[in-house]
Amino acid sequence: MKRWVLLAAFLVVAGSLLLGAARMRPFGAPRLDLMDRYFNALSQGEAATNNVVTAIVFDYRGYDTLGEATVLFTAVVGVALILRRLKG
Amino acid sequence: MIGNVPFVVCMVLVLLGLAALLFRRNLIKVVIGLKIIENGVNLYLVATGYVQGGVVPIWTYAPPDAAMVLPTPQALTLTSIVIGLATTALMLAFAVVIHRHKGSLDGRKVVELSG
Amino acid sequence: MSVVVRTIARILVPVALLFGGYVILHGHLTPGGGFQGGAVAASAVALLLVAFGTSAVKGLKSPFAVLEDLGGVAFVVLGFLGIGYTFFFNVLAGSGGLFGAPVAPGPNPGFLNTGGTLPLMNWAVGFKVIGGLGAVVVLFALFGGGDDR
C-alpha cells in the first residue's frame, strides 16, 4: 500500500519535471542576460581580473562567499561535534 | 539544433536521485541519491547559462569576437557545490553515528526517537 | 596498504599539493580558484590517510583547525579593507601596488600581478577549504578506530 503511494508521488513529480523541462526556452538562447553581459564586459576594468567567475564570486557577490565560508565552518564544527569520541 | 535535450537530461538525473531517495532504505544510498539530485540541479543551472557558440568567461587568451556564456549561473553553482559538500559531510557523519549506535544502516530502524 | 600504494602515494602527495597551489595562485587568470584548489590539495590528505593509515594523519587535526580559522579571519579582514567604500570593495585593484596592475580590456595573456584583493582572497579561502576538508577527513578517520588498514 505505502509503496503504491510512493510510486504515484514519484510519477507525478516525474511528469511535472519532464514536462517543465521540455517546455522550457530553447537551449543556448537565454532571454535575460543584461547583468551577465555587464559582468563580461566590465569586470576587467572594475575588478582587474581576467576570470569573470572569480570576479563575481569574490567581488560582486562577496556576501554570498562569506555565507558560504560560514556554512563550511558550521559543517566542520558539526562533524567535529557529532564524531567526538564518547569514551575517552 | 538539439532543442531542449540538455534540460530533459538534467531532469532525468534528478529523477534517478529521487527514485533512490524514495525506494531505498540504506542510509548511504539515500545520501548518494541526494548527491545525484544535487548534481542534476547543478548541471541544470550551468545549462541555463549557456549561449549558443559561447566560450568560457575568462579573458586569458580568449578567442576574439566570440560570445561568452553567462558567468552568474556558474558562480552560483560554485556556491551550491560547496554547500552540498558541507551537507554531505554532515549526513555521512550522521550515518556513521547511526551505524555505531544501531548496528545497521536501515533507515526504517531510526524513525523512533529512542535515545 | 601495500608497498605499491605507499610508494605511489609518496610521489603523488607533493604533486597534488603543488597542483592545488597552482590552481589557487592562478585563480584570477585561469579556471579555478580558492575552493577548487583547496579541494585538490585536501585530496592529498585523503590519499595520505588511505595509504598510511590513521596514525599518519592523527597529529594533523589541530593544525587543520587553526588553518581554517586563520583562513576565515583573513577573508573577513580582506573584506574589511574596503570598508571606506563598501564591504568587499576591491581597494587594491588598479592602485599600482601589490596585485594592483591595471588590466587592458579584451583578450590578453594574463598577468599574475593583477586582480587587487582577489588573489589574496583566493589564498584565504583556499587555506580555509584545505583546513576544513582536511579536518573532516581526519575526524572521520579518528572516529573509525585506530586500525591501520
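Order of the sequence lines fixes the chain letters, A, B, ..., with proteins taken first and strands second; residue numbering starts at 1 for each chain.
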Residue part contacting chain A, namely of [X], when any heavy atom lies under 4.5 Å:
| X | value |
| --- | --- |
| B:T48 | both |
| B:V96 | side chain |
| B:V14 | side chain |
| B:P6 | side chain |
| B:L21 | neither |
| B:A19 | both |

Under a 4.5 Å cutoff for heavy-atom pairs, which residue among A:V71, A:T54, A:T74 has the most contacts with chain B?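 Most pairs with chain B among the choices: A:V71.
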
To the nearest 0.5 angstrom, please state how far the [atom1] atom of [X] sits from the [atom2] atom of [Y].
| X | Y | atom1 | atom2 | value |
| --- | --- | --- | --- | --- |
| B:T60 | A:N50 | OG1 | CG | 3.5 Å |
| A:L83 | B:R100 | CG | CZ | 9.5 Å |
| A:N51 | B:I58 | CG | CD1 | 4.0 Å |

Residue selection (most heavy-atom pairs with chain A, distance under 4.5 Å) from B:I83, B:T79, B:L85: B:T79

Using a cut-off of under 4.5 Å for heavy-atom pairs, which of B:F94, B:F7, B:Y44 has the most such pairs with chain A? B:F7

Does some side-chain heavy atom of [Y] sit less than 4.5 Å from a side-chain heavy atom of [X]?
| X | Y | answer |
| --- | --- | --- |
| B:T72 | A:I56 | yes |
| B:L76 | A:R61 | yes |
| B:V8 | A:L18 | yes |

Counting only heavy atoms not in [X], do more than 12 sit closer than 6.0 Å to its [atom1] atom?
| X | atom1 | result |
| --- | --- | --- |
| B:K29 | NZ | no |
| A:L81 | CG | yes |
| B:Y61 | OH | no |

What part of A:A14 gets within 4.5 angstrom of chain B, counting heavy atoms only: side chain, backbone, both, or neither?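 For A:A14, heavy atoms of backbone and side chain both lie under 4.5 Å from chain B.
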
At a 4.5 Å cut-off on heavy atoms, which part of A:F10 comes close to chain B: side chain, backbone, both, or neither?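 Both the backbone and the side chain of A:F10 come within 4.5 Å of chain B.
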
Considering all heavy atoms, the nearest [X]-[Y] contact:
| X | Y | value |
| --- | --- | --- |
| A:V79 | B:A93 | CG2-CB, 4.3 Å |
| A:L17 | B:L15 | CD1-CD2, 4.0 Å |
| A:G78 | B:L90 | C-CD2, 4.0 Å |
| B:P71 | A:N40 | CG-OD1, 3.7 Å |
| A:R25 | B:N4 | O-OD1, 2.8 Å |

